There are 4 protein chains.
Amino acid sequence: MTQYAGVDEMPESQRQKQKKQTRKHLITMAFNQLAKDGLINTRTADIAKAAGVSHGTVFAHFPTRDALLTEVINEFGARVTRRLHELAGGGSVHEILEAHLKGLAEFEPFYTRLVREGSLLPESARNTLIMIQSAVSFHLSQAAEREMAAGIIRRLPMHLLFNTWIGLVHYYLANGDLFSPGKPVLERYGKELLEHYLTLITE
Amino acid sequence: MTQYAGVDEMPESQRQKQKKQTRKHLITMAFNQLAKDGLINTRTADIAKAAGVSHGTVFAHFPTRDALLTEVINEFGARVTRRLHELAGGGSVHEILEAHLKGLAEFEPFYTRLVREGSLLPESARNTLIMIQSAVSFHLSQAAEREMAAGIIRRLPMHLLFNTWIGLVHYYLANGDLFSPGKPVLERYGKELLEHYLTLITE
Amino acid sequence: MTQYAGVDEMPESQRQKQKKQTRKHLITMAFNQLAKDGLINTRTADIAKAAGVSHGTVFAHFPTRDALLTEVINEFGARVTRRLHELAGGGSVHEILEAHLKGLAEFEPFYTRLVREGSLLPESARNTLIMIQSAVSFHLSQAAEREMAAGIIRRLPMHLLFNTWIGLVHYYLANGDLFSPGKPVLERYGKELLEHYLTLITE
Amino acid sequence: MTQYAGVDEMPESQRQKQKKQTRKHLITMAFNQLAKDGLINTRTADIAKAAGVSHGTVFAHFPTRDALLTEVINEFGARVTRRLHELAGGGSVHEILEAHLKGLAEFEPFYTRLVREGSLLPESARNTLIMIQSAVSFHLSQAAEREMAAGIIRRLPMHLLFNTWIGLVHYYLANGDLFSPGKPVLERYGKELLEHYLTLITE
DNA sequence: CATGAATGAGGCTTCATTCAT
DNA sequence: GATGAATGAAGCCTCATTCAT
């Protein structure tokens, strides 16, 4: 049931706006639902219900389930990346990692799903994770370069430096239900992980 | 005892052996198939076909799909654990990590599936991963304790020491197709990871 | 209320009607099919085919096979009961039994299936039979009470009076194919049963 | 595992005897199992297990499941019939009905299964029930004839006289779980049914 | 465009029956 | 003859996707 009695009465631009809005809403609610029940176990019907639209509407906006997930994931990737850039602007390694954790913590449920289930999803999911990591990597590399030069942190190959950090964080996220049942892992262990990691890479 | 008493007396070497063999074969082929197509995306019919038996035979040996997967995973866990204990017998931290990589490398495809998909599977999958890690943790802790005492490696909380290593290894495994397409990651990056990690934890 | 609020407002006469119709059609055709092939031996696919819909459609309307059967049986129970009340309104014992036979005759095939297979079905089937019998019992008790008081029929415990009648009728229904092959038993033997039974209970 | 090391050592007659014995045993245990779990819901594997033989042995003795059931039912029919003849030898109507109840009570569980599920089974099941009833009918008819002539019981068409009785008894058997949960119905209600019925048919 | 009923391919599981030993 | 592992034809149910309204 639309807001208008006859479809043709709606001005074109209005209609398009409406459509874009529905699409956006769908992405938002899908995001929530996927974070809640997982990327694999959420059915298109669940998403439709969560968004308060008909099941068919999902396919009016996205040709396939995969396309919707890809969109949600991409959207998410863009937001996280933006946020990380915001937070991590040119500080020390310590500050950048802190910003990274803060940024992830804001999206922990969905990000965790991506870490856990990403490898079962369309390539876009993987690419998004790569993109997010690039954002961090970018800032971290610069800071690390500086601090290596300044003798603050050890000289280590950048990719290993970075992957050690990511590996550590992902490991805690993926096993959050074991490490910190019922409570965000990053909240509970973030500080500890950060300090530990800094210890490791500090001269 | 009547003639209808049941047939537990003599091992009935012929038939029972045959059945055990089929069961074993099924587990082996399931193992391969699961390693190849993933734990989520492998259907019971695929396993039957891979094993060269009828679909029904799968259920003559395992009551449900889950039971079969659990069996395969447990079997796998036991083998890996045993192997890790074999390899990691009381050496230095370096030797133990080397042994760990060697042990995992022998089972890389399946282990990778477990790391990637474990969180979507019956609890047994998680438990198996925990068990495997316990095996490594056990040896690593002892060696690390010694070497910390000897001033060879840094004093660090054991769980962080361990999880940093596991996180790093799992991260490379989970993304093996990106880091090392078409070739086992551990073969390509194992040495590098090991040396890097040792650098980090060395005084 | 947003535009995504759900659509309970207007009856959406078109679609909802259509769905209800399909559901009803499904129940009707299931009813026929079950009467024809029996409650045990009718598969969901048969019902779908009989209704001219896809197999999946059955489950779009009823969560399980059992739920569908239960629905059909309940619907049937309600109809028969209503009909029996209609027919049996406060007459003599003779009239009530006549009404009972007439009511059953209208639904003989399905009712016979229920009598034959009821004990193998979900509880709802039993309950429905009980409900139907309660309807008759209610009217019969009242009339019998009156006629016993008036010395028209013998003084007999009500439950035995009733169960004798039901037992007789069910026996003929359950063996209808022997007593009256290719033709409704009640049509052929109803009158005779009624007269016989009245003879028995008459002073 | 047979009692003999080599099959050919067994004398022909011995073997045949053995086979007949197994067959008999199978029928006996099938009888118990069918009485316990019902004719529809008992699987051939259950029967084999109950008999302590292999699943295949069932099919070595009976070509199909139906053939086995038929055999069991026929065997049962013969026994009940014989027993009924034994018990019901030429007494009064009262004595004959009493004998009938007594005879059925000895086999109540299986007989009840037959009454409940008979119409879903191969024709032989129906025929057996008919045969059993013929046995009773035979004695009852003679006695009833006498007592009608003697003015003890009413003059009623024999088939109605008989079917009223059978209908009543079957009704209580089929609904035994409702009328007398956890206890044989005939034990609890037999006497009452008998007296009630006699009242009905008595002048 | 939005709707949601209908679709149907495909997955898991059961069980009477077969057959090599 | 007895065995029991293996078979495979069904049966129930799920869910992404389509399409008439």
Side-chain angles (χ1 to χ4, degrees), chain A residues 1-4 7-8 10 15-16 18-19 22-23 43-48 53-66 68, chain B residues 3-4 7 12 14-16 18-23 42-46 48 52-66 68, chain C residues 3-4 7 12 14-16 18-23 42-46 48 52-66 68, chain D residues 1-4 7-8 10 14-16 18-20 22-23 43-48 53-66 68:
Chain A
M1 211 171 309
T2 77
Q3 302 173 286
Y4 294 82
V7 172
D8 301 323
M10 203 194 291
R15 233 199 181 188
Q16 297 239 337
Q18 162 83 0
K19 179 165 188 189
T22 299
R23 182 187 162 88
R43 293 161 300 170
T44 51
D46 297 332
I47 293 171
V53 300
S54 76
H55 196 180
T57 295
V58 173
F59 293 90
H61 289 273
F62 306 94
T64 64
R65 182 183 184 276
D66 259 21
L68 168 56
Chain B
Q3 70 200 105
Y4 307 108
V7 202
E12 175 116 26
Q14 207 40 39
R15 292 293 260 281
Q16 294 226 343
Q18 172 67 18
K19 177 161 192 185
K20 272 195 183 148
Q21 215 165 53
T22 300
R23 184 188 160 87
T42 298
R43 289 154 301 160
T44 50
D46 296 333
V53 299
S54 77
H55 196 183
T57 294
V58 173
F59 295 90
H61 289 268
F62 305 92
T64 62
R65 180 183 184 278
D66 253 28
L68 169 55
Chain C
Q3 68 200 106
Y4 308 107
V7 202
E12 176 116 25
Q14 207 40 40
R15 293 294 259 280
Q16 295 226 343
Q18 172 66 20
K19 176 161 194 185
K20 272 193 182 149
Q21 214 165 55
T22 300
R23 183 188 160 87
T42 298
R43 289 154 301 160
T44 50
D46 296 334
V53 298
S54 76
H55 196 183
T57 294
V58 174
F59 296 92
H61 289 268
F62 306 93
T64 63
R65 180 183 185 280
D66 253 28
L68 169 55
Chain D
M1 212 165 311
T2 74
Q3 302 172 285
Y4 295 82
V7 172
D8 300 323
M10 203 193 291
Q14 175 78 336
R15 232 198 183 191
Q16 297 238 337
Q18 162 82 0
K19 179 165 187 190
K20 270 191 183 154
T22 299
R23 182 187 163 87
R43 294 161 299 170
T44 51
D46 296 331
I47 293 171
V53 300
S54 76
H55 196 180
T57 294
V58 173
F59 294 89
H61 288 272
F62 306 93
T64 63
R65 181 182 184 279
D66 259 21
L68 167 55

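Every chain is numbered from 1 and lettered A, B, ... according to where its sequence line falls, protein lines coming before strand lines. The analysis underlying the following values was restricted to heavy atoms, covering all of them including side chains, and did not include hydrogens, waters or symmetry mates. Just so we're clear, the structure is a prediction, and the values are computed from it rather than from any experiment.
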Exercise. Taking atom P of E:dA5 as reference, at what distance in whole Å does atom NZ of C:K19 sit?
Worked result: 4 Å

Problem set entry | B:T44 vs E:dC12: side-chain N/O to OP1/OP2 distance below 4.0 Å | yes

Exercise. Can you tell me how far the CD1 atom of A:I47 sits from the CZ atom of A:F62, to the nearest 0.5 Å?
Worked result: 9.0 Å

For this session: Tell me which of A:S54 and B:D66 sits closer to the 5' end of DNA chain E, going by the nucleotide each one is nearest to.
Result: A:S54

For this session: Measure from CG on C:D46 to P on F:dG11 and round the result to the nearest Å.
Result: 7 Å

Exercise. Once you round it to whole Å, what is the distance between C1' of F:dC13 and CG of C:L68?
Worked result: 13 Å

For this session: Specify the residue among C:R65 and B:A60 whose closest nucleotide of DNA chain F lies further upstream toward the 5′ end.
Result: B:A60

Exercise. Closest approach of C:F59 and C:R65, non-hydrogen atoms and distance?
Worked result: CE2-N, 4.2 Å

Exercise. Once you round it to whole Å, what is the distance between C1' of E:dT3 and NE2 of A:H55?
Worked result: 12 Å

For this session: Would you mind reading off the distance between A:I47 atom CD1 and F:dT17 atom C1', rounded to a whole angstrom?
Result: 14 Å

Problem set entry | Separation of E:dT21 P from B:Q21 CD (nearest whole Å) | 13 Å

Exercise. Roughly, in whole Å, what's the span from CZ in B:F62 to P in E:dT14?
Worked result: 15 Å

Exercise. Any side-chain N or O of D:T57 less than 4.0 Å from the OP1 or OP2 oxygen of F:dT3?
Worked result: yes

Problem set entry | B:L68 vs B:V58 side-chain heavy atoms within contact, under 4.5 Å | yes

Seminar exercise, completed: Closest non-hydrogen atoms of D:A48 and D:S54, given as atom of the first, atom of the second and distance, are CB-O, 3.7 Å

Exercise. Do C:H61 and C:K19 touch side chain to side chain, with heavy atoms closer than 4.5 Å?
Worked result: yes

Exercise. Mapping D:H61 and B:G56 onto DNA chain F by nearest heavy atom, which one lands closer to the 5' end?
Worked result: D:H61

For this session: Using heavy atoms to find the nearest nucleotide of DNA chain E for B:F59 and C:V58 separately, return the residue whose nucleotide is more 5′.
Result: C:V58

Seminar exercise, completed: Closest of E:dT7, F:dG11, F:dT3 to the C:V53 side chain is E:dT7

For this session: Name the pairing partner of F:dA20, where a pair is Watson-Crick or G-U wobble with both distances under 3.5 Å, or state none.
Result: E:dT3

Exercise. Does A:T64 have a side-chain nitrogen or oxygen under 4.0 Å from the phosphate oxygens OP1 or OP2 of F:dA16?
Worked result: no

